[in-house]
Novice: 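Attaching a single structure in structure tokens format; questions to follow.
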Amino acid sequence: MKFLLHTYGCQMNVRDAEAVAAVLEAAGHLPAVDENDADLILVNTCSVRGKAEDKAVGKLGLLCAGKRLAPHRLVGVMGCMAQRRGAALLKKIPQLDLVLGTRQQQALPELLARLTAGERGILQLDDPTATPRVSQAHRAGAISAFVSVLLGCNRRCAYCVVPDVRGAEYSRPAKDILEEVQQLADAGVREITLLGQSVMNYGRSNAVWETPPTRSPGGFQEDFPRLLEAVSAIAGIRRLRFTSGHPSGCTNELIRAMRDLPHVCPHLHLPVQSGSDRILELMRRGYTAAQYLEVVGRLRAAMPSFALTSDVIVGFPTETADDFEATRHLLAAAAFDNSFIFKYSPRPGTPAAAMPDDVPTAEKIRRNQVLLADQDILGQRLNDACLNQTLHVLVEGVSLRNTQRWAGRSPGNKIVLFTHQPTIAVGDLVPVQITRAAAQTLYGDVVGLADAHVPSATLTPQAALPLPNKEPL
Ligand code: 5AD
Ligand code: SF4
């Protein structure tokens, strides 16, 4: 059977889609080139905003209507909306063949066998009482991979539908994660991004080590730094990232791990959501603007080249012009390298849905545009500061727009484009001197290739660049 996946939403969904593709390929199915070529189309959905759900429902409707011309084609839905709406989706779109929960990737081959046998309208949702089975399967050939470490979320932010959808926090056993990373490294992967809604909560809700690890003097006591240390020690891994963060997880030990462990990139995605203490409290975020900035201060003090990205919601219930100004101030004070701005969307069943959605749509749009413009100016200024610096770039491939250029990312996760060189290969770490800076992209030239080109794992980005002063934390 030939399958096609349409994926919306965050990195969790990207990872789930990859797991599904790998599971299907292992079962002998093949990826389709396009919709017409596909026997099975799965729409991998996001529930975070109403619009994302509306679009997915529209897409599913179209795909199901297309069955008139290709009656054999199966159409399924997976991801957050599938889990959240379940049977209601089958009612709304009766031609749907399959509705799959967020922890059901492994069940797919068996479900496809049932579909092939003629069954339709299969509903396979997550069982909140079962220990999740997490697929370790990845597709071959990548240099960068996502690895889920923490499923679900226990933080009940007032606006967010995720805890209802993805269930309670569950930390995967460290042994499974390390095995998965080892396999990835053996297959040529050089960069790992550990995923979790509040990834620094790893190990807080269930035990993760088979036997309690021996704790070396000066070693890490907390589970997430310990995991970073273990993953970073796996041969072949040159870069380690993790997302998303929450200020409560930014302990001194975590910051020390980021600063001192080889391969851990000095970059954090730390959603702030608002700069107004009143709104932050209504959102139940668990920190004030000052506390957020204090955390940022500690991160920057430990890592001079630290890069920070964030999420912001505009138009949360009762957000006034003054609250919004406070957010603008925070954005400037935190100096985000990049931020994603969202217009508040009430989600059924969340505490915020019971509050009045009283910021008019036009005002939400305006506030969104103001922050986007602020962020553009800020991003350009921060990128300008990279001019003439030499950044270590992990080569990801040839630039899509211009095949004369290579594309890769800096430790701070900025996209860097540089002149194509035949001696460089995907997965190499190369020093690139920045010659031009746009708001979203840096451009540069490879420097000192003879002695600084790193085709093997012998050098780390940190070791190849001047080391920052290390104060004890
Ligand atoms: N409305 C708008 N944005 C939201 N997000 C989460 N829930 C909502 C909502 N109800 C945003 C947050 C989060 C990002 C993934 O999506 O900023 O960090
Ligand atoms: Fe990701 Fe949240 Fe969207 Fe689900 S609802 S795909 S967890 S952003």
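Remember, it's 1-based here, ligands and their atoms both numbered in the order they're listed.
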Novice: Should the proximity of Ile313 to ligand 1, defined as any heavy atom under 4.0 Å, be assigned to the side chain, the backbone, both, or neither?
Specialist: side chain
Novice: Heavy-atom pairs closer than 4.0 Å: do any link ligand 1 to the side chain of Tyr159, the backbone, both, or neither?
Specialist: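 The answer is both, backbone and side chain.
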Novice: Do Glu53 and Arg85 sit within salt-bridge range, that is, some charged N less than 4.0 Å from a carboxylate O?
Specialist: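 Yes, charged N to carboxylate O under 4.0 Å.
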Novice: Looking only at non-hydrogen atoms, which of Val272, Val162, Val48 approaches atom 9 (C) of ligand 1 most closely?
Specialist: Val48
Novice: Do Tyr287 and His246 have ring centres separated by under 6.0 Å?
Specialist: yes
Novice: Out of Ser310, Ser345, Ala352, Ser244, whose heavy atom sits nearest atom 10 (N) of ligand 1?
Specialist: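 Closest candidate by heavy-atom distance is Ser345.
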Novice: Relative to atom 13 (C) of ligand 1, which among Val314, Asp311, Val312, Val161 owns the nearest non-hydrogen atom?
Specialist: Asp311
Novice: If we only count heavy atoms from C-beta on, is the Asn368 to Phe342 side-chain gap below 4.5 Å?
Specialist: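 No, too far: nothing below the 4.5 Å cut-off.
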Novice: Side chain, backbone, both or neither: which part of Gln273 has a heavy atom under 4.0 Å from ligand 1?
Specialist: side chain
Novice: Can you tell whether the side chains of Glu169 and Arg204 come within less than 4.0 Å, N to carboxylate O?
Specialist: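 Salt bridge: no.
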Novice: Is it possible for you to check whether Arg436 lies under 6.0 Å from the centre of the six-membered ring of Tyr443, through NZ or CZ, and within 45° of that ring's axis?
Specialist: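 That pair qualifies as a cation-pi contact.
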